[in-house]
Amino acid sequence: QVQLVESGGGLVQAGGSLRLSCATSGRTFSSYYMGWFRRAPGKEREFVAAVSWNGGSTYFADSVKGRFTISRESAKNTVYLQMNSLKPEDTAVYYCGAARRLRPDYGMDYWGKGTLVTVSS
């Protein structure tokens with residue numbers, strides 16, 4: 001079992017930046033793919049970014065390419081989502097996930113409870 005706890009959400013103006021963190025429990029952090037999804041009001045949850053078990057490969061949704069980066073720090077069992085040039089349409093609850101393997105849809109096996117990001121115009 002993997003437990004995930006997100007933090008770092010908040011209110012930011014358009015064009016600003018935020019860094020989300022996802023702290024994980026357990027001793028197998030380095031064996032999981034880690035990812036971020038988001039759910040905007042009235043919309044389905046969508047993939048944002050993912051990173052391979054060793055950080056060597058990263059994957060991004062087209063809507064965030066060039067603005068968001070994902071990284072992981074094994075010593076802290078933590079994955080980060082750096083969000084720059086934020087837009088009002090980035091407003092959503094952001095969820096961290098962990099997966100034993102990379103799936104075509106980036107589906108996750110474990111989920112956090114989410115952290116709210118609000119971007120004002």
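Along the sequence shown, residues carry numbers from 1.
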Residues in salt bridge (charged side-chain N to carboxylate O under 4.0 Å, His left out) contact with Arg103, at least two apart in sequence or another chain: Asp109

message: Once side chain to side chain donor-acceptor pair (under 3.5 Å) is applied, what residue pairs with a partner in residues 12-21 remain, sequence neighbours excluded?
response: Ser17-Asn84

query: Measuring from Leu102:CG to Tyr32:OH, what's the distance to the nearest 0.5 Å?
result: 15.0 Å

- request: Sequence neighbours left out, what passes salt bridge (charged side-chain N to carboxylate O under 4.0 Å, His left out) with Arg67? Give chain and number order.
  value: Asp90

Mind listing the side-chain donor-acceptor pairs of residues 41-51 below 3.5 Å, one per line with the distance, residues two or more places apart or on another chain?
residue: Glu46; atom: OE2; partner: Arg38; partner atom: NE; Å: 2.6
residue: Glu46; atom: OE2; partner: Arg38; partner atom: NH2; Å: 3.2

- prompt: So how far is it from Thr24 OG1 to Phe29 CZ, rounded to the nearest 0.5 Å?
  reply: 5.0 Å

Co-membership, hydrophobic cluster, residues Leu20 and Met34, 4.5 Å side-chain: yes

- line: So CH2 of Trp36 and SG of Cys96: to nearest 0.5 Å the spacing works out to 5.0 Å

- request: Can you tell me which residue pairs pass the salt bridge (charged side-chain N to carboxylate O under 4.0 Å, His left out) test with a partner in residues 71-88, sequence neighbours excluded?
  value: none

message: Applying ring-ring contact (aromatic ring centres under 6.0 Å, His included), can you list everything that pairs with Tyr95, at least two apart in sequence or on another chain?
response: none

- line: ring-ring contact (aromatic ring centres under 6.0 Å, His included) pairs touching residues 50-86, sequence neighbours excluded, are Tyr59-Tyr106

field: side-chain hydrogen bond (donor to acceptor under 3.5 Å, both in side chains) partners of Asp105, counting only residues at least two apart
entry: none

Spacing of Asn77 atom CG and Leu4 atom CG [to the nearest 0.5 Å]: 10.5 Å

Same apolar cluster (I L V M F W Y, side chains within < 4.5 Å links), Val64/Val79: yes

query: Got a sec, which residues hit side-chain hydrogen bond (donor to acceptor under 3.5 Å, both in side chains) with Tyr110, two or more places apart in sequence or on another chain?
result: Arg100

- request: Using side-chain hydrogen bond (donor to acceptor under 3.5 Å, both in side chains) as the criterion, list what pairs up with Thr69, not counting sequence neighbours.
  value: none

- prompt: Among pairs that include at least one residue of residues 111-121, which meet side chain to side chain donor-acceptor pair (under 3.5 Å), considering only residues two or more places apart or in two chains?
  reply: none

message: Enumerate the side chain to side chain donor-acceptor pair (under 3.5 Å) contacts for residues 1-11, please, sequence neighbours excluded, ordered by first and then second residue.
response: none

- request: Please name the pair of heavy atoms, one in Tyr33 and one in Met108, separated by the smallest distance, quoted to 0.1 Å.
  value: O-SD, 4.5 Å

message: Let me confirm one number: the CG-CG distance from Leu116 to Leu11, rounded to the nearest 0.5 Å.
response: 9.0 Å

- prompt: For the atom pair CD1 (Ile70) and OG (Ser57), what is the distance rounded to the nearest 0.5 Å?
  reply: 11.5 Å

